[in-house]
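These numbers come from a predicted model, not from an experiment.
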Amino acid sequence: MANIQLKNIAKQFDNNVVIENLNLQINDGEFLVLVGPSGCGKSTTLRLIAGLETATAGEIFIGDTLVNSVAPKDRNISMVFQNYALYPHMSVYDNMAFGLKLRKFKKDDIRQRVQETAEILEMASLLNRKPKQLSGGQRQRVALGRAIVRKPQVFLFDEPLSNLDAKLRVQMRAEIKKLHKRLKTTMVYVTHDQVEAMTMGDRIAVMKDGVIHQLDTPLKLYNEPADLFVASFIGSPSMNFIHTTLKEEPNLTAVDGNIKIDIPSNHKKLLKSYIDKSVIIGIRPEDLSLNPRNENSVSISLRIDLFEPMGNETLIYLSRENTRLTCRTPEFQPEADLDEELIIYLNMDKAHYFDPETGKSIR
């Protein structure tokens, strides 16, 4: 096992700067997820760790070893790709054993490692099959097995579940997480799916435009987002944002057109420097409700645009002028029709405030 350290990493393709001054410490035995939209630099970061790309500037350490000039095959890492990359003419056994054969392992050692790995992945009965005889989930397990048999210091995953259907993705998420707990090896996992990130990572690095906006535990990211990007990216449906101006009349009130939101008195100290200025209020869909939850619940009236019954909950999409909100409620669809007015309660104890100029959270 090994920790990974990236110091002042930059990566440029021609005139396109993909990563600029990236610093990242991945702990020994940690499961770290790199998440962000397409083009944010997460896969490039993974390929830099693997040695498949060369950093324009900065240093990469695996353990205590500076690996900038070390070939990928000598970094003692295993990488699992999106497309499995299995040899179609080889059996499952031969696919898993191939890397060990190249490294001149003895036949008995190869057989023992493949058998142990097959049992871990519950695929010992599939060793004689060809990839075309396997399901998508089984092929992904073979790709995992091929990585495991090498017993590397670090596992790297580049969106390995994106080709699977929704049910298989959930199943394989659990399999990979169980595998991490069993092997206790450092794992770095790249995905654009924030649900994967939230359910799998010990910590999550949220990236955009080659910059890490926040590196934290899943719950910290969800409950204490550092800025507007993290707040909007983490959570499904995403956080609601209301663009307001703070007024003191005499109590502190946030105004957005015809919408007025009373700010709790215990938030006044936090926002005192923003009176008569713009503030963005963020609030999660589950913190909107059809009935008040506490004394700091504030009612507003909005027009119903859409209902989405989900079985265990209902999503209600609402709007007024330029404000659009989503309410997640466990209650049945209210007795109201589209385009009618509905009173919604905002739990202001759960509100987040953001500076519209910097995008940073006001704390």
Side-chain angles (χ1 to χ4, degrees), residues 1-6 25-34 45-52 60-67 69-87 90-128 131 134 137-161 172-190 200-203:
M1 294 188 288
N3 64 320
I4 301 169
Q5 191 170 11
L6 280 66
Q25 174 77 43
I26 303 169
N27 300 321
D28 187 10
E30 182 176 28
F31 195 122
L32 183 104
V33 178
L34 300 173
T45 302
L46 198 75
R47 291 172 66 84
L48 287 167
I49 296 170
L52 301 177
I60 301 172
F61 291 86
I62 298 179
D64 296 326
T65 304
L66 178 66
V67 297
S69 301
V70 176
K73 66 183 179 65
D74 298 323
R75 295 193 181 193
N76 198 13
I77 56 99
S78 281
M79 192 161 181
V80 180
F81 295 93
Q82 179 179 344
N83 61 0
Y84 317 142
L86 303 179
Y87 295 106
M90 291 185 183
S91 67
V92 169
Y93 180 94
D94 289 331
N95 265 285
M96 290 171 62
F98 186 72
L100 301 180
K101 290 176 180 177
L102 288 180
R103 288 166 176 78
K104 308 297 183 184
F105 276 69
K106 294 179 180 179
K107 284 187 178 181
D108 288 346
D109 290 340
I110 293 174
R111 187 179 300 110
Q112 182 182 350
R113 286 199 185 198
V114 171
Q115 195 65 45
E116 286 176 354
T117 301
E119 288 172 5
I120 289 172
L121 296 172
E122 298 179 357
M123 49 186 286
S125 62
L126 306 176
L127 290 176
N128 292 323
L134 305 177
Q138 289 169 335
R139 290 178 193 177
Q140 187 60 74
R141 288 188 186 196
V142 178
L144 282 171
R146 188 175 52 193
I148 294 168
V149 293
R150 291 184 53 199
K151 298 183 179 178
Q153 287 183 301
V154 176
F155 284 101
L156 305 177
F157 297 88
D158 191 6
E159 304 202 39
L161 307 185
M172 287 305 299
R173 284 206 308 259
E175 292 292 335
I176 293 172
K177 193 62 181 171
K178 283 196 298 184
L179 184 66
H180 176 251
K181 287 187 176 181
R182 182 164 182 170
L183 299 178
K184 295 181 171 56
T185 308
T186 306
M187 294 186 177
V188 187
Y189 189 102
V190 161
M200 297 178 75
D202 297 328
R203 288 191 302 159

Q) Between Ile4 and Glu30, is any pair of side-chain heavy atoms under 4.5 Å apart? A) no

Review point. Side chains of Ile148 and Phe155: does their closest heavy-atom pair fall under 4.5 Å?
Key: yes

Taken to the nearest 0.5 Å, the spacing of Leu126 CG from Ser91 OG works out to 11.0 Å

Chi angles and distances behind the side chain to side chain contact (heavy atoms under 4.5 Å, CB included) call for Tyr93, Ile110 = CA-CA 10 Å; Tyr93 180 94; Ile110 293 174; 3.9 Å; yes

- Message: Please determine whether the number of non-hydrogen atoms from other residues, nucleotides or ligands lying under 6.0 Å from atom CG of Asp64 exceeds 12.
- Response: no

Item to complete: Report yes if the side chains of Thr45 and Val188 come closer than 4.5 Å at any heavy-atom pair, otherwise no.
Response: no

**Item:** Test item: Val80 and Gln140 side chains (from C-beta on) under 4.5 Å apart, heavy atoms
**Value:** yes

All heavy atoms of Thr186 vs all of Gly29, minimum pair found to be OG1-N, 2.9 Å

Ala147 and Ser78 have their tightest heavy-atom pair at O-OG, 3.1 Å

Backbone N/O of Met172 and side chain of Arg141: donor-acceptor pair under 3.5 Å: no

Check: Going by heavy atoms in the side chains, are Ile77 and Gln153 under 4.5 Å from each other?
Finding: no

Find out whether Ile60 and Leu48 are in side-chain contact, i.e. whether some heavy atom of one side chain is under 4.5 Å from a heavy atom of the other. yes

Is there a side-chain contact between Asn27 and Arg203, using heavy atoms and a 4.5 Å cut-off? yes

inquiry  = With a 6.0 Å cut-off (strictly less than), is the heavy-atom count around NZ of Lys101, excluding the residue itself, greater than 12?
reply    = yes

Using side chain to side chain contact (heavy atoms under 4.5 Å, CB included), reason through Leu144 and Phe157 one step at a time and then give a plain yes or no. CA-CA 9 Å; Leu144 282 171; Phe157 297 88; 3.2 Å; yes

Rounded to the nearest 0.5 angstrom, the CG-NZ distance for Asp109 and Lys104 is 15.0 Å

Rounded to the nearest 0.5 Å, the CD atom of Gln115 sits from the CE atom of Met96 at a distance of 9.0 Å

**Report entry** Salt bridge Arg47-Asp158, side-chain N to carboxylate O under 4.0 Å
**Finding:** no

On a heavy-atom basis, the closest approach of Gly63 and Ala2 is N-CB, 3.8 Å

Arg146 (side chain) donor-acceptor with Asn95 (main chain) under 3.5 angstrom
no

Distance col, row Gln138:CD vs Leu86:CG, nearest 0.5 angstrom, shows 11.5 Å

### Query
Parallel, tilted or perpendicular: which describes the rings of His180 and Phe31, with under 30° parallel and over 60° perpendicular?
perpendicular

- Message: Let's go through Asn76 and Ile62 carefully: what are the C-alpha distance in whole Å and the side-chain angles of both, what is the deciding distance for side chain to side chain contact (heavy atoms under 4.5 Å, CB included) to 0.1 Å, and is it a yes or a no?
- Response: CA-CA 9 Å; Asn76 198 13; Ile62 298 179; over 6 Å; no

Here the gap from Thr117 atom OG1 to Leu179 atom CG, rounded to the nearest 0.5 Å, amounts to 9.0 Å

**Prompt:** If you measure from the Lys or Arg side-chain nitrogens to the Asp or Glu carboxylate oxygens, is any gap between Lys177 and Asp202 under 4.0 Å?
**Reply:** yes

The reported gap from NZ in Lys151 to CG in Leu100 (rounded to nearest 0.5 angstrom) is 9.5 Å

Correct closest heavy-atom pair for Met123 and Val142 would be CE-CG2, 3.4 Å

**Asked** Just by distance, do the side chain of Asn3 and the backbone of Ile26 share a donor-acceptor pair under 3.5 Å?
**Response** no

Closest non-hydrogen contact found for Glu119 with Ala124 is CG-CB, 4.5 Å

Tightest non-hydrogen contact, residues Arg75 and Ile49, listed as NH1-O, 2.9 Å

